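These numbers were taken from a predicted model, which means no experiment stands behind them. By convention in this document, chain letters (A, B, ...) are assigned in the order of the sequence lines, proteins followed by strands, and residues within each chain are numbered from 1.
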Amino acid sequence: MDFKQEKEIAEFWEKEKIYRTDFGKKGIFSIDTPPPTVSGKMHIGHAFSYSQQDFIARFQRMKHGIFYPFGTDDNGLPTERLIEKINNVKSKKMSRKEFIELCLKTLKKITPDFIQDWKNLGISADYEMYYSTIDKKTQKISQEFFIDLYMKKEIYKKEFPTIWCPECQTSIAQAELEDKEQATLFSTLKFLCNNKELLVATTRPELLGACVAVFVNPKDKRYKWAVGKKAKVPLFNFEVPVFEDESAEMEKGTGVLMVCSYGDKFDVDAINRKKISPKIILNKDGTLKIKGYGGMKTKEARKKILEDLGNNELIKEQKSISNIVNVHDKCGTEIEFIPTEQWFIKILDKKKQLIKQGEKIKWHPGYMFKRYKNWVEGLDWDWNISRDRFFGIPIPVWHCKKCNEIILAGKDELPVDPLHTKKICPKCKNIAEGESKVLDTWATSSLTPQIAGSLTKNKIKIPYSLRPQAHDIIRTWAFYTITRSYLHENEIPWKNIMISGFATLGGQKMSKSKGNVVAPQEVIEKYSADSLRFWAAGSKLGEDMDYQEKDLVTGKKFVNKLENASKFVFMNMGGYNGKKPKKLEPLDKKFLIELERTIWLVTSYFEEYEYSRAKFNIEDFFWKFFCDYYLEIIKKRIYHGTGNKKLSAQYTLYRSLLTILKLIAPIMPFITENIYQQYFKKNEKIKSIHLCEWPKYGKDWIKKWDDKKIISHANELTLFIDLLTQIRAEKSKAQKPMNSECILTINKINYNDLKDVLEDFKNVTNAKEIKQGDFKVEFI
RNA sequence: GGUCCUUUAGUCUAUCGGUAGAACACCUCGUUUACACCGAGGAAGGGGAGGUUCGACUCCUCCAAGGACCACCA
């Protein structure tokens, strides 16, 4: 079984529409599939987490039928950056129309190949239940929901110093910030107050021109003399007030804090609190608009200003420190705070309710809820949903410049681009101006349950059964989706959320910049998709897992073992009619009971999203129990046996192999399908193993364990295997082959317990005779 | 600074408080009517200190190391 055969199987699935949603089935399990960001190729992290969700999807399909849509996230900043890279262009240097066309054209070209990676991995989504977060239908939904929130007064527009990326030239959300450590000069500057030096330490001297106040702590006796007076800003020579404020910490720097518009979040807060009017010296591209430094980028200006300060002997002290700055996660650029008009969704007033909503959802693993809760509790800003970019869903709004009226699009005209549609202000009859900002991707992807649901004519509604996703986007995707479902429908979006971890290499998170990436495409070609999935099934849910090539080898061996075992079974099926024998041989019965217990275990684990335990149990049962014990035990019966003895073994082989294949099918869909098609389909009649019914087990195994008959079967099987192991050990010790003839002596109690299965025991040990007495193995 | 996770054989990973179980690697042997991508057997393990308990890898406290997220970041 190799990559090429897997491809053929994938084509078969596609052609036969094996994964088409069957709305006729009862109790459909609905999945809010993550739409991957179109970014060239699938990476191994995708392969890891999508495999894990697919295990659950395939299991549920065999139990109930499922709704498993597939979307791609292809608007917003990440996509713009990709398009810019592929085409080597800069969006801000093109016309909006031109750039949007280029985006759509490029996406059309690259998306099919991108999705193909998911198909090659065997992700069993219904690819016809497809949406893209930029397609017309999605735009309509996203705009409709925007209008809904606006009408509910949950959206507002405000001029506010927002987190701004000078590189991408857009405002961004709190969730898009990352920390970056860097070396900076920490300079102590000479302000003048009453002709005395007032020393202020700063890492951002380029903002001197934007200084609006100086704070000292009210408890700080060192600076009492300056409070209430004016301080002269070095180099710029304008005066700013000196205030007392608790926020100035005495131990930091000189204890004197310079407030600028805007150096950080704190400045924003301080300036609002003290009602100081800001001095804005930064342009949106991060350059300064101030005499002497105009047009310089902040870093350049910083250098020049320090030089100028130095030349005027205005620097008291300077040292090099390492400090942490906030950067934009998409481009790594230091963010600024620039006042712009933006659209916000009110969330700060709903923290409690949002935590409550989170509590109603079952988190797998449970502790992931705490991460969600932490994030909600730590929120400082309302959710900024507008972006000053081109390729996104337009905000369906017009402004009347004259009377300040805001005009919403009508629901029947959606989707709409306000820049391409003219509106007359209903109040003053002037021409209104279309909003040029677009919605942030998250403002749309937070609606994936509603978007996917619309593909089913709303047969599928929230709450879905499951949201699978990785832990890095709890604060964004999970949080925003919970928020939207709450705001629009006062409902949770899903009943369960399953959080997967990351694939690491040598304990390190894989990233292109570190150069430690493993391409799943190459792994699939070398080891097969089943092996890759087998590896992904090895980690406990939520845990990161280290990529190790040996794990792929293990997966490949498993595929091979399945193939060989199946080959053996069907080599010996001659004359078997598929019927159950009148009476099962005792050993076969015991074996089938053990199989049933495994079904029970595996089912319970899959139901709890514990696919790694499910995998472990099937693997163990198949390899150890089925191959190493059962096949060896019944070989003689199969080769030389006749009548019911042979038939019973054949029946047991057929049923148990098919069951094993079904149990492992969610994890290894290709090899199981292959074997099913080759051997089982003609009897079972169902088109694909993945449409077969999940194996059943007697109702309640926990109760069954109290059943004396079952216990004695299990005990006898255990005894059988224990004795077999002892005999094999004796043969090993004597350096004899496993099939060497011998005379066995076992104690009387064991002998009686094994009476039913003594013939099988004799066969597998190749004993000529079994005597009663002290344990002994004699070789002939 | 806060919240959370992890720490088990050389490596990687499991184990409702009751003799720690696999896999890879290692050692010894065997096998050709499913499989050398095999079979049998072997050696090898719980970060540190306390506590709860008849009994702790498992529960609690503290410490140490690693990781994630958040906060701080003049």
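Counting non-hydrogen atoms under 4.0 angstrom, A:Glu251 reaches nothing in the nucleic acid. Nucleic acid contact class of A:Ile474 (heavy atoms, under 4.0 Å, all strands): none. Contacts of A:Ala248 with the nucleic acid, taken as non-hydrogen atoms under 4.0 Å apart, include base atoms. Within 4.0 Å (heavy atoms only), A:Thr725 reaches sugar-phosphate atoms of the nucleic acid but no base atom. At a threshold of 4.0 angstrom between heavy atoms, the contacts of A:Cys627 include nucleobase atoms, whether or not backbone atoms are also involved. Within the 4.0 angstrom heavy-atom criterion, base atoms lie near A:Asp179. Using a 4.0 Å heavy-atom cutoff across all strands shown, A:Trp623 reaches sugar-phosphate atoms only and no base atom. Residue contacts for A:Glu377: at a heavy-atom cut-off of 4.0 Å it reaches no nucleic acid atom on any strand shown. Using a 4.0 Å heavy-atom cutoff across all strands shown, A:Phe215 reaches no nucleic acid atom at all.
Qualifying side-chain contact (heavy atoms from CB on, under 4.5 Å) partners for A:Ala649, counting only residues two or more places apart in sequence or in other chains: A:Asp588, A:Tyr630, A:Ile634, A:Arg637, A:Ile638. Among residues two or more places apart in sequence or in another chain, the side-chain contact (heavy atoms from CB on, under 4.5 Å) test is passed with A:Lys624 by A:Asp620, A:Asp628.
Residue order along RNA chain B, read from the 5' end via each residue's closest nucleotide, puts A:Gln726 first among A:Met250 and A:Gln726.
Atom-to-atom, CZ of A:Phe570 to P of B:A34 comes out at 15 Å; the value is rounded to the nearest Å. Rounded to whole Å, atom C1' of B:A68 lies 9 Å from atom CE of A:Met368. When rounded to the nearest whole Å, the span between CG of A:Asn326 and P of B:A71 equals 7 Å. Atoms CG (A:Leu724) and C1' (B:G39) sit 12 Å apart, rounded to a whole Å. Between the CD1 atom of A:Ile335 and the P atom of B:C73 there is a distance of 12 Å, rounded to whole Å. One can place CZ of A:Phe534 at 11 Å from P of B:A23, the figure rounded to the nearest angstrom. Rounded to a whole Å, the CD atom of A:Gln735 is 6 Å from the P atom of B:C29. Rounded to an integer number of Å, the gap from CG of A:Asn617 to P of B:A23 is 14 Å.
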Give the C-alpha distance, both sets of side-chain angles, the deciding distance and a yes or no for salt bridge (Lys or Arg N to Asp or Glu O under 4.0 Å) between A:Lys356 and A:Glu359.
CA-CA 5 Å; A:Lys356 228 177 211 163; A:Glu359 273 169 356; over 6 Å; no
I'd like to know whether A:Ser528 forms a side chain to side chain donor-acceptor pair (under 3.5 Å) with A:Asp530, so could you lay out the CA-CA distance, the side-chain angles of the two residues, the decisive distance to 0.1 Å, and finally the verdict.
CA-CA 5 Å; A:Ser528 79; A:Asp530 274 344; 5.5 Å; no
List the steps, then state whether salt bridge (Lys or Arg N to Asp or Glu O under 4.0 Å) holds for A:Lys526 with A:Glu549.
CA-CA 11 Å; A:Lys526 191 166 174 195; A:Glu549 197 151 358; 2.9 Å; yes
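Listed nucleotides B:U3, B:G41, B:C5 differ in distance to A:Tyr367; the shortest reach to its side chain belongs to B:C5. With B:A40, B:C5, B:A23 as the choices, the nucleotide that has an atom nearest any side-chain atom of A:Lys624 turns out to be B:A23. When distances run from any side-chain atom of A:Met571 to the nucleotides B:G41, B:C4, B:U33, the shortest one goes to B:U33.
Exactly one residue among A:Trp535, A:Phe534, A:Phe55 makes a ring-ring contact (aromatic ring centres under 6.0 Å, His included) with A:Phe48. That residue is A:Trp535. The only member of A:Glu336, A:Glu206, A:Glu334 that meets salt bridge (Lys or Arg N to Asp or Glu O under 4.0 Å) when paired with A:Lys299 is A:Glu334.
Straight-line distance between the P atoms of B:C69 and B:U52: roughly 39 Å, to the nearest whole Å. B:U58 sits 16 Å from B:C5 when the P atoms are compared, rounded to a whole Å. Remark: the separation of the P atoms in B:U8 and B:G42 is 25 Å, to the nearest Å. Taking the C1' atom of each, B:A23 and B:G67 are spaced 25 Å apart, rounded to whole Å. Atom name P, nucleotides B:U19 and B:C4: the rounded distance is 32 Å, in whole Å. Taking atom P in both B:U53 and B:A9, the straight-line distance is 30 Å, to the nearest Å. Nucleotides B:G50 and B:G41 are separated by 42 Å at their C1' atoms, to the nearest Å. Of the P atoms belonging to B:C63 and B:U3, the separation is 12 Å, rounded to the nearest Å.
Classification of the A:Phe680-A:Phe570 ring pair by plane angle, with boundaries at 30° and 60°, yields perpendicular. Using a 30° and 60° split on the angle between ring planes, A:Tyr639 and A:Phe568 fall in the perpendicular class, above 60°. The aromatic rings of A:Phe266 and A:Phe215 sit perpendicular, their planes meeting at an angle over 60°, well past the 30° parallel limit.
Sorted by residue number, the members of residues 552-567 of chain A with any non-hydrogen atom under 4.0 Å from RNA chain B read A:Thr554, A:Lys556, A:Lys557, A:Asn560, A:Lys561, A:Asn564, A:Ala565, A:Lys567.
Using a 4.0 Å cut-off, some side-chain N or O of A:Lys265 falls inside it from OP1 or OP2 of B:C72. Of the side-chain N and O atoms in A:Lys635, one or more sit less than 4.0 angstrom from OP1 or OP2 of B:A34.
Enclosure of atom NZ in A:Lys636 by more than 12 non-hydrogen atoms of other residues, nucleotides or ligands within 6.0 angstrom is indicated.
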Expected list for residues 251-260 of chain A: side-chain donor-acceptor pairs under 3.5 angstrom, two or more places apart:
from, atom 1, to, atom 2, distance (Å)
A:Thr254, OG1, A:Leu199, O, 2.6
A:Thr254, OG1, A:Val256, N, 3.3

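Looking only at distances, no side-chain donor or acceptor of A:Glu377 sits under 3.5 Å from a matching main-chain atom of A:Asn374.
Stacking is not found between A:Trp375 and the pyrimidine-like six-membered ring of the B:C69 base under the 5.5 Å centre-distance and 30° plane-angle cut-offs.
Within the cation-pi definition used here (under 6.0 Å to the ring centroid, within 45° of the axis), A:Lys279 qualifies as a partner of A:Phe238. Remark: A:Lys561 fails to qualify as a cation-pi partner of A:Phe626 under the 6.0 Å distance and 45° angle criteria applied to the six-membered ring.
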Both distances under 3.5 Å, Watson-Crick or G-U wobble: on that basis, could you give the dot-bracket string for RNA chain B, with [ ] for crossing pairs and | for other-strand partners?
(((((((..((.(....[..).)).((((((....).)))))....(((((..]....))))))))))))....
Take nucleotides 12-21 of chain B nucleotide by nucleotide from the 5' end and write B, S or -, depending on whether a protein heavy atom sits under 4.0 Å from the base, only from the sugar-phosphate, or from neither.
S-SS------
